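Bear in mind the structure is a predicted one, so any value in this text is a computation, not a measurement. Count residues from 1 along the sequence. Only this structure's heavy atoms are used, side chains among them; waters, hydrogens and symmetry mates stay out.
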Amino acid sequence: MHIAVMSDSHDQIWNMRKAISSIMEHDIQTIIHCGDLISPFMLEEFEGFQGTIHICAGNNPGDQALLMEKIQEATCKVVYHGIFGRLRLAGKDIAFVHDPGIAHAIARSDEFDICL
């Protein structure tokens with residue numbers, strides 16, 4: 001299983017379009033975004049992606065209320081995890097956060113196979 005990991009997209013539409021294009025060319029079905037997606041309009045850049053997108057909040061959360069509304073309206077499958085994401089994929093326990101200090105503490109806990 002291949003997973004795309006991204007973070008800090010900060011409303012960079014052109015870079016996001018390039019990333020999504022590459023992800024779809026490589027038939028990747030899971031994206032983990034480790035925060036700072038920022039504006040809810042960025043969700044539109046995932047249109048056409050057939051997999052699942054897991055998102056956590058960053059230190060620049062943007063408009064959270066509108067983001068939640070846009071997630072509900074999204075044509076792709078988006079899972080919002082708040083400030084800490086955790087999931088199990090391909091038999092691996094994965095944790096993801098935006099803050100590197102928190103990520104280091106989680107990694108040292110040995111509770112997860114992968115910490116992003």
Hydrophobic cluster partners of Ile38 (side-chain heavy atoms under 4.5 Å): none
Which hydrophobic side chains are connected to Leu66, either touching it within the sub-4.5 Å cutoff or through other members that do? none
Do [X] and [Y] land in one hydrophobic cluster if side-chain heavy atoms of ILVMFWY residues count as linked below 4.5 Å?
{"X": "Phe46", "Y": "Met24", "answer": "yes"}
{"X": "Leu37", "Y": "Ile71", "answer": "yes"}
{"X": "Val5", "Y": "Ile20", "answer": "no"}
{"X": "Ile23", "Y": "Ile53", "answer": "yes"}

What is the minimum heavy-atom distance between Met6 and Ala19, and which atoms define it? CE-CB, 4.0 Å
By the ring-ring contact (aromatic ring centres under 6.0 Å, His included) test, which pairs, at least two apart or in different chains, include something from residues 2-35?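 Sorted pair list comes back empty.
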Working to the nearest 0.5 angstrom, can you tell me the gap between [X] [atom1] and [Y] [atom2]?
{"X": "Ile32", "Y": "Ser7", "atom1": "CD1", "atom2": "OG", "value": "11.5 Å"}
{"X": "Ile55", "Y": "Ile31", "atom1": "CD1", "atom2": "CD1", "value": "9.0 Å"}
{"X": "Glu73", "Y": "Lys70", "atom1": "CD", "atom2": "NZ", "value": "5.0 Å"}
{"X": "Glu45", "Y": "Asn15", "atom1": "CD", "atom2": "CG", "value": "11.0 Å"}
{"X": "Ile3", "Y": "Ile114", "atom1": "CD1", "atom2": "CD1", "value": "6.0 Å"}

Taking salt bridge (Lys or Arg N to Asp or Glu O under 4.0 Å) as the definition, give me every residue that meets it alongside Glu44, ordered by chain and number, with sequence neighbours left out.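 Salt bridge (Lys or Arg N to Asp or Glu O under 4.0 Å) list for Glu44, sorted by chain: empty.
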In chain order, what residues pass the side-chain hydrogen bond (donor to acceptor under 3.5 Å, both in side chains) check against [X], with sequence neighbours excluded?
{"X": "Asp63", "answer": "none"}
{"X": "Glu69", "answer": "none"}
{"X": "Thr52", "answer": "none"}
{"X": "Glu47", "answer": "Thr75"}

So, using side chain to side chain contact (heavy atoms under 4.5 Å, CB included) as the criterion, who are the partners of Ser39 when residues are at least two apart?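 Side chain to side chain contact (heavy atoms under 4.5 Å, CB included) check on Ser39 returns Asp11, Phe41.
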Atom pairs and distances, donor-acceptor, side-chain atoms in residues 76-83, under 3.5 Å, two or more places apart:
{"from": "Tyr80", "atom 1": "OH", "to": "Gln64", "atom 2": "OE1", "distance (Å)": "2.6"}
{"from": "His81", "atom 1": "NE2", "to": "His54", "atom 2": "ND1", "distance (Å)": "2.9"}

Got a donor-acceptor contact below 3.5 angstrom from the Ser21 side chain to the Lys18 backbone?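 Here the side-chain-to-backbone pair does not exist.
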Applying salt bridge (charged side-chain N to carboxylate O under 4.0 Å, His left out) as the test, list every pair that has at least one member in residues 106-116; sequence neighbours left out.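 Non-adjacent pairs meeting salt bridge (charged side-chain N to carboxylate O under 4.0 Å, His left out): Arg86-Glu111.
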Scan the side chains in residues 93-105 for donor-acceptor partners under 3.5 Å anywhere in the protein, sequence neighbours excluded, and list what turns up.
{"from": "Asp93", "atom 1": "OD1", "to": "Arg88", "atom 2": "NH1", "distance (Å)": "2.9"}
{"from": "Asp93", "atom 1": "OD2", "to": "Arg88", "atom 2": "NH1", "distance (Å)": "3.1"}
{"from": "His98", "atom 1": "ND1", "to": "Cys34", "atom 2": "O", "distance (Å)": "2.8"}
{"from": "His98", "atom 1": "NE2", "to": "Asp36", "atom 2": "OD2", "distance (Å)": "3.2"}
{"from": "His98", "atom 1": "NE2", "to": "Asn59", "atom 2": "OD1", "distance (Å)": "3.0"}
{"from": "Asp99", "atom 1": "OD1", "to": "Gly101", "atom 2": "N", "distance (Å)": "2.8"}
{"from": "Asp99", "atom 1": "OD1", "to": "Ile102", "atom 2": "N", "distance (Å)": "2.8"}
{"from": "His104", "atom 1": "ND1", "to": "Pro100", "atom 2": "O", "distance (Å)": "3.2"}

